[in-house]
There are 2 protein chains.
Amino acid sequence: MRPSDVPDLRDLELFREMSEERFEDLMHGAYVQTFPPMVDLITEGDMSDFLHVVLEGRVELFASWNGHETTIATVEPIATFILAATINDAPYLMSARTLEKSRLILLPSSDVRKVFDADGAFARSVVRELSARYRTVIKNTKNLKLRSSLERLANYLLHQYEIEGCNAEFDLPIEKRKIASFLGMTPENLSRAIRGLRPYGVEIDAQHVKIADFDALQNLAKPSPLIDESDVPLTE
Amino acid sequence: MRPSDVPDLRDLELFREMSEERFEDLMHGAYVQTFPPMVDLITEGDMSDFLHVVLEGRVELFASWNGHETTIATVEPIATFILAATINDAPYLMSARTLEKSRLILLPSSDVRKVFDADGAFARSVVRELSARYRTVIKNTKNLKLRSSLERLANYLLHQYEIEGCNAEFDLPIEKRKIASFLGMTPENLSRAIRGLRPYGVEIDAQHVKIADFDALQNLAKPSPLIDESDVPLTE
DNA sequence: CTTCTCACTTGATAATTATCAAGCATAAAC
DNA sequence: GTTTATGCTTGATAATTATCAAGTGAGAAG
C-alpha cells in the first residue's frame, strides 16, 4: 500500500486515538485496491471479511428484497463502511458497489476484532463511530416515516445546500435515480417532485440546482436538527 | 433501590463483563422509580441525563415532526434505551412514555460516561449493544423501504408467532394503533390490512391472532434473515 | 459525425395509502 | 347498571405514490 495513504487513515476519528503500535498491527494486513465504476464490493448475506475504507471515489450501499432494490447510503472519502458487521462478526445487511472509480483500503475483519479486543481506546472510538451512525439511521427512519416524498426532497436539497457552503447554486452529487432510491421513491416520482418544488423557487436543470427562494423552501421543508442535522453520513 | 434489582441488571449483556467495582460505582448513583401508564419519561431534543433501564412494564419510543407522531420501538424488560445519546452526550432523538405501569432504573449519564472512559470491558459491551441495535435499525429501514404495508404486517405477525414459541394462536403484545404506527401506517389501514390477510389464513379477533395457514402467510411475507431475524429489539 | 445507450422526463393509469366521518364495541368510571 | 371514553372498524373519498409506456436528450461508442 502507498505510505501516503496511512496518514489519511490516521485522520479518521476511528483510528486517531489508538496507539501507534496497534495502528501498525492493523496496517500490516491491510491492502489498498482500486476498482472501476459499478463493481460489486460486497453482497448482503456474506460474512464480513474486511472493514472497508473509501479513500477516493464513491460507494453505494444498497439492499434488495423480492426483486426490489433500495439505496441505503452513499459513502464518500474518507469513511469506513460495514463497521457493525465487522465488529459483530455477522453477515452484511447491505451490498456495496462502486459508483465511480474508487480506491479503498481493506482491513481484515479478524485483525480489526483483535485490535478491538486489545485496545480500549480503539473500542471507545468504535463506540463513538457506531453511536453517531446509529443516530443517523434513526434520523433517517424519522425522515421516512414522518415526511412525504416532496418534503424529503425539500430537506435533501437544503442539506446539500448546506454541504455546498450555503451557495444558492450547486450540483447534485449523485445520479437522480440514486437520490430517488435513497429518498424512498421512484425516479418518475422524483421528476415530478422536482417540478413540484418549482413554486418554492427551486430550479433544477440536469445536475444543476438553483435555490431562488430559500425561505419558501425552508418553510416547506421545516428542517429539524433532530432529523436533518448530520452526526455522520448514513453508512455502516 | 431494591437489592433484588441489581442481579437483573447484571444479567444484561451490557453490564455482564464489567468489574464488580465499576458496577457498584454505577449503581451508587442509580435509582429505581415506578411510573403509571402514559407518563412521559423523556422528550426528544432534551439532553441525555439518565440511561434508562426497563425492569417491568413497557415503554414506547416515538418521534414527532410537524404534528405527526410515529412509534419507533417499544422496549420490554429487561433492556436499556437511549444508550447512544447517553454515550454521545447528545440530545435525545426520540421521546419515551410508559405504556403500562412500569418500573425503571435510571443511571446518571455522567456516571455511565465515566465508567465508559475507565473500563475497556464496558466500552466493548457498549459496542456490542450499539452495533446490534444499529443493525436492527438498518433492517427496519429495509422493511420500510422495500415492502408494502400488507407485507410488513405479514412479517410482523410471523415475527410475533416466533416470539410466542411458534404457537398458531397468540395475542398481540401492544395496541393495534401502536402496531400501525410502528409499521408506518394508519390505524384504518392496519384494519384493512388485517382483513386483507384473511385469504392467507390469518384470523385476528381483537388482540387474539390465529395463523391457520402458516405456509400461505409465509409465502406472502417472504421473510428474510437480513430483515426479520432479530439481533435485538429496535430500541436505543 | 453518426449511432447507440441510457438516464431522465412526461403522460396515462392503477395501486397504495391517508383522511374524514360515522358507527360499534369494549372497558373503565360513576 | 348506566354512562362515558376510547380504540377499533367500516365506508366514502382524496391524496400520494407506483407502474407502464413512450418520447427526449445528452454523452459514450463506433
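A, B, ... follow the sequence lines: proteins, then strands. Residue 1 opens every chain.
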S.K.: Starting from the first five and the last five pairs of the helix from C/dC1-D/dG30 to C/dC30-D/dG1, work out the angle between the resulting helix axes, to 10 degrees.
M.R.: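 Overall, the helix from C/dC1-D/dG30 to C/dC30-D/dG1 bends by 40° from one end axis to the other.
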S.K.: When you match A/E188 and A/R152 each to their closest nucleotide on DNA chain D, which lands nearer the 5' end?
M.R.: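 Its nucleotide being nearer the 5' end, the pick is A/R152.
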S.K.: Please name the residue in the list B/I42, B/V75, B/L41 that meets the side-chain contact (heavy atoms from CB on, under 4.5 Å) test with B/I82.
M.R.: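 The residue from B/I42, B/V75, B/L41 that satisfies side-chain contact (heavy atoms from CB on, under 4.5 Å) with B/I82 turns out to be B/I42.
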S.K.: Using a 4.0 Å heavy-atom cut-off, does A/E175 contact any base of the nucleic acid, only the sugar-phosphate backbone, or nothing at all?
M.R.: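 Sugar-phosphate: the residue A/E175, judged by heavy atoms under 4.0 Å, touches backbone atoms but no base.
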S.K.: Determine, stepwise, if the pair B/I179 / B/I174 fulfils side chain to side chain contact (heavy atoms under 4.5 Å, CB included).
M.R.: CA-CA 7 Å; B/I179 295 174; B/I174 53 175; 3.6 Å; yes
S.K.: Please enumerate all residues that pass side-chain contact (heavy atoms from CB on, under 4.5 Å) together with A/D213, with sequence neighbours excluded.
M.R.: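 For A/D213, the residues satisfying side-chain contact (heavy atoms from CB on, under 4.5 Å) (neighbours in sequence not counted) are A/D215, A/A216.
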S.K.: Which nucleotide of DNA chain C is the first, and which the last, in the 5' to 3' direction, to come under 4.0 Å of a heavy atom belonging to chain A?
M.R.: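 Nucleotide range in contact with chain A: C/dA7 to C/dA12.
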S.K.: Using a 4.0 Å heavy-atom cut-off to protein, can you give one letter per nucleotide of nucleotides 22-30 of chain D, 5' to 3': B if the base is in contact, S if only the sugar-phosphate is, - if neither?
M.R.: ---------
S.K.: So, using ring pair (Phe, Tyr, Trp, His ring centres under 6.0 Å) as the criterion, who are the partners of B/F170 when residues are at least two apart?
M.R.: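 B/F170 satisfies ring pair (Phe, Tyr, Trp, His ring centres under 6.0 Å) with no other residue.
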S.K.: Under the rule for ring pair (Phe, Tyr, Trp, His ring centres under 6.0 Å), what residues qualify as partners of B/F35, not counting sequence neighbours?
M.R.: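 If we apply the ring pair (Phe, Tyr, Trp, His ring centres under 6.0 Å) test to B/F35, skipping adjacent residues, there are no hits.
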S.K.: Taking side chain to side chain donor-acceptor pair (under 3.5 Å) as the cut-off, I'd like each qualifying pair that reaches into residues 39-50 of chain A, sequence neighbours left out, listed once.
M.R.: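 Only A/E44-B/K142, A/S48-A/T86, A/S48-A/S109, A/D49-A/Y92 qualify under side chain to side chain donor-acceptor pair (under 3.5 Å).
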S.K.: Applying a 4.0 Å non-hydrogen cut-off, can you work out what B/G184 is touching in the nucleic acid: base, sugar-phosphate, or nothing?
M.R.: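 Counting heavy atoms under 4.0 Å across all strands, the contact made by B/G184 is with sugar-phosphate only.
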S.K.: Among all residues two or more places apart in sequence or in another chain, which pass the side-chain hydrogen bond (donor to acceptor under 3.5 Å, both in side chains) test with A/E100?
M.R.: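 Partners of A/E100 by the side-chain hydrogen bond (donor to acceptor under 3.5 Å, both in side chains) criterion, ordered by chain and then number, come out as A/R58.
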S.K.: Could you check how far CE of B/M38 sits from P of D/dA5, rounded to whole Å?
M.R.: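 About 17 Å, once rounded to whole Å.
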S.K.: Please name all residues satisfying side-chain contact (heavy atoms from CB on, under 4.5 Å) with A/I163, sequence neighbours left out, ordered by chain then number.
M.R.: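 Scan of A/I163 (side-chain contact (heavy atoms from CB on, under 4.5 Å), adjacent residues dropped) gives A/H159, A/Q160.
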S.K.: What pairs of residues pass the salt bridge (charged side-chain N to carboxylate O under 4.0 Å, His left out) test when at least one of them lies in residues 61-70 of chain B, not counting sequence neighbours?
M.R.: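 Pairs touching residues 61-70 of chain B that pass the test: B/E69-B/R97.
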S.K.: State which residues pass ring pair (Phe, Tyr, Trp, His ring centres under 6.0 Å) with A/F50; sequence neighbours excluded, sorted by chain then number.
M.R.: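 Once residues adjacent in sequence are excluded, the partners of A/F50 under the ring pair (Phe, Tyr, Trp, His ring centres under 6.0 Å) criterion are A/Y31.
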S.K.: CG of B/L190 versus C1' of D/dC8: gap in Å, rounded?
M.R.: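 To the nearest whole Å, that distance equals 10 Å.
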S.K.: Rounded off to whole Å, could you give me the CZ-to-P distance for the B/R177 and D/dG7 pair?
M.R.: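 Taking atom P of D/dG7 as the reference, CZ of B/R177 is at 4 Å.
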S.K.: Which residue pairs pass the side chain to side chain donor-acceptor pair (under 3.5 Å) test when at least one of the two sits in residues 167-188 of chain A, sequence neighbours left out?
M.R.: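 Checked against side chain to side chain donor-acceptor pair (under 3.5 Å) - neighbours excluded - the pairs reaching residues 167-188 of chain A are A/E60-A/K178, A/T71-A/S181, A/E169-A/H208, A/D171-A/H208, A/E175-A/R177.
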S.K.: Using a heavy-atom cut-off of under 4.0 Å over every strand shown, decide if A/R195 touches base, sugar-phosphate, or nothing.
M.R.: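 Sugar-phosphate only.
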